[in-house]
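Notes for the one structure printed next.
These values consider heavy atoms only, across backbone and side chains, with no hydrogens, waters or symmetry-generated copies. Chain A is the first sequence line, chain B the second, and so forth, proteins listed ahead of strands; every chain is numbered from 1.
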2 protein chains.
Amino acid sequence: MSPGVGSAKGSRTQEERSAATRQLLLDATVDCLVRYGYAGTTTTRIAELAGVTRGALVHHFPSRADLVSAAVRHLASKRAEVAFARLEALRGSADPIPAALDMLWEVHQGSVFLATAELWVAARADATLAEQVDRFEPMVTGTLMEFSRALFPVLAGHPEFRHWLYTSMDVIRGILVSDPAGHEPDRLARRWQRARRHLLLLAEVLFDRVGPASATR
Amino acid sequence: MSPGVGSAKGSRTQEERSAATRQLLLDATVDCLVRYGYAGTTTTRIAELAGVTRGALVHHFPSRADLVSAAVRHLASKRAEVAFARLEALRGSADPIPAALDMLWEVHQGSVFLATAELWVAARADATLAEQVDRFEPMVTGTLMEFSRALFPVLAGHPEFRHWLYTSMDVIRGILVSDPAGHEPDRLARRWQRARRHLLLLAEVLFDRVGPASATR
DNA sequence: CTAACTACATGCAAGTCTGTATGTATGTGG
DNA sequence: CCACATACATACAGACTTGCATGTAGTTAG
């Protein structure tokens with residue numbers, strides 16, 4: 001008899017067990033990156049956080065590099081997923097420009113981006129890690145662009161839309177990495193408000209939405 | 001008898017010796033951060049790179065944290081120094097806006113910013129390090145603002161100038177951290193060209209320079 | 001000139017991390 | 001039901017790292 005998917009825990013198929021612990025380990029790795037930084041992301045700690053023994057970890061990821069590589073991929077799909085969810089909520093928004101901007105900001109909040117930042121920086125010193133990042137980063141950005149253009153057809157036509165999104169992402173990332181640990185949420189919010197205003201102004205110029213009477217033209 | 005400042009090496013005053021090795025160690029720390037990342041910045045490696053024994057290192061910096069804290073301060077003054085040098089070269093520039101932008105970009109090239117980025121990210125997981133960063137970061141930005149306003153008096157008056165500089169810095173930092181190790185210098189250059197164009201457009205809007213002489217200057 | 005102090009060197013102890021080797025349990029195909 | 005494979009656990013070895021304790025050379029003060 002087939003034990004059925006998701007039967008309590010008495011008997012799971014090998015593949016289920018395997019997938020479950022792999023997921024546990026990958027999530028723990030992300031958690032570790034966020035809480036202890038790349039330097040503090042050790043196999044011991046990851047196993048502990050995942051609630052599995054170090055032996056299990058080694059079984060699935062023979063070397064630490066294997067685990068981190070897998071984490072890169074894991075994070076990439078997680079980011080794409082988060083972005084997609086946010087984008088869906090904005091479908092058919094009346095004023096897509098500010099909406100897209102806020103969406104971008106929200107996408108970069110939370111642990112997923114923090115872990116990614118750790119990997120970006122660490123990749124500079126680790127060639128194989130850099131290769132992994134290089135391979136999966138376009139996937140995230142590509143997905144985001146794809147959906148953005150699908151959801152904002154009015155803007156999608158404009159050739160500058162893509163560039164504007166890139167610049168917006170760069171601003172957000174610059175703010176977040178140079179902020180000391182988000183120690184002061186107020187300061188962070190103020191920085192974003194300033195940048196947001198600038199990005200909206202830029203959008204007006206780029207997309208020719210200044211219309212007949214916005215500023216002296 | 002005074003042995004004279006900078007006498008070869010036969011006899012240096014204690015203070016000279018001390019300062020020299022401290023400088024050596026701090027520079028080696030920065031070098032280590034750039035080449036091996038925060039995780040790879042170990043006291044052993046730093047001492048080796050500095051060309052001194054590990055004993056000398058612990059003599060000057062009893063704990064690793066002490067050394068890193070000192071490195072934060074060291075990097076801060078180094079960055080201020082670099083910025084100042086670049087700014088001086090731009091004194092009385094005819095077209096200060098693009099000049100300031102290029103200056104900012106150049107200031108963020110090189111090892112100084114890379115090391116700083118390592119510390120920013122690492123500070124998220126290390127409370128004492130975060131405190132240090134929090135203390136010396138305003139110094140750098142403050143110095144840069146101060147000199148910028150002194151050198152570009154025309155712009156300094158405009159209340160948006162300061163904000164625009166901040167946004168520009170954020171863009172630059174976002175580009176640099178999210179670039180995988182500068183593997184492809186072309187891509188990096190393209191990203192900067194795009195952002196630069198956007199920032200110039202933004203400046204036109206902010207500073208009301210769209211007027212009759214937008215292109216002719 | 002000597003005593004004391006500072007700068008530096010060497011060696012060691014304790015801890016941690018990674019990778020491996022070997023043992024055990026739990027599914028799985030015949 | 002049985003051989004086998006896969007998932008996981010435990011134990012250990014080697015290579016780090018950090019911090020300390022002790023020893024030595026060079027410098028300064030009286």
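Here B:R187 pairs with A:D134 in a salt bridge; the nearest charged N to carboxylate O distance falls below 4.0 Å. With respect to the salt-bridge test (charged N to carboxylate O, under 4.0 angstrom), the residues B:D170 and A:R194 qualify. A:R79 has a carboxylate O that lies under 4.0 Å from a charged side-chain N of A:E137, or vice versa, which qualifies the two as a salt bridge. Ion pair B:R197/A:E160 flagged as a salt bridge, since at least one NZ, NE, NH1 or NH2 atom sits closer than 4.0 Å to an Asp/Glu carboxylate oxygen. Looking at A:R124 and B:E118, a side-chain N of the basic residue comes within less than 4.0 Å of a carboxylate O on the acidic one, giving a salt bridge. A salt bridge links B:R35 to B:D31: at least one charged side-chain nitrogen sits closer than 4.0 Å to a carboxylate oxygen.
Look at CZ on B:R22: it is 14 Å from C1' on C:dT6, rounded to the nearest Å. A straight line from CG of B:L67 to C1' of D:dT17 spans 14 Å, rounded to a whole angstrom. In this structure, B:R17 atom CZ and D:dT27 atom C1' are separated by 7 Å, rounded to whole Å. Put simply, CG on B:D66 is 15 Å from C1' on D:dC20, counting in whole angstrom units. The nearest whole Å value for the distance from the CD atom in B:E15 to the C1' atom in D:dT28 is 13 Å. One interatomic measurement links the two molecules: CD1 of A:I46 to P of C:dT16, which rounds to 17 Å at whole-angstrom precision. Distance, B:H60 NE2 to C:dC8 C1': 8 Å, rounded to whole Å.
A cation-pi arrangement is absent between A:R191 and B:Y166, since the terminal nitrogen or guanidinium carbon is not both under 6.0 Å from the aromatic centre and inside a 45° cone about the axis. Geometric assessment of B:R45 against the ring of B:Y36 yields a positive cation-pi assignment under the 6.0 Å and 45° thresholds. For B:R64 and B:Y38, the positive end sits near the middle of the six-membered ring, less than 6.0 Å away and at most 45° from its axis.
Near DNA chain C, defined here as any heavy-atom distance below 4.0 Å, there are no residues from residues 24-39 of chain A.
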For salt bridge (Lys or Arg N to Asp or Glu O under 4.0 Å), just list the numbers for A:R91 and A:E88, CA-CA rounded to whole Å, side-chain angles, deciding distance to a tenth of an Å, and then say yes or no.
CA-CA 5 Å; A:R91 182 185 287 282; A:E88 269 300 334; 3.0 Å; yes
Could you walk me through whether A:L176 and A:F113 pass the side chain to side chain contact (heavy atoms under 4.5 Å, CB included) test, one step at a time?
CA-CA 9 Å; A:L176 288 177; A:F113 173 72; 3.6 Å; yes
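With distances taken from any side-chain atom of B:T13 to the nucleotides D:dT28, D:dA9, C:dG27, the minimum falls on D:dT28.
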Please list each protein N or O that sits under 3.5 Å from an N or O in nucleotides 18-22 of chain C, with the distance.
| unit_1 | atom_1 | unit_2 | atom_2 | d |
| --- | --- | --- | --- | --- |
| C:dT18 | OP1 | A:T43 | N | 3.4 |
| C:dT18 | OP2 | A:T43 | N | 2.9 |
| C:dT18 | OP2 | A:T43 | OG1 | 2.3 |
| C:dG19 | OP2 | A:R64 | N | 3.0 |
| C:dG19 | N7 | A:R54 | NH2 | 2.5 |
| C:dG19 | O6 | A:R54 | NH2 | 2.8 |

Nucleotide N/O to protein N/O under 3.5 Å, stretch nucleotides 4-6 of chain D:
| unit_1 | atom_1 | unit_2 | atom_2 | d |
| --- | --- | --- | --- | --- |
| D:dT6 | O2 | A:Q14 | NE2 | 3.4 |

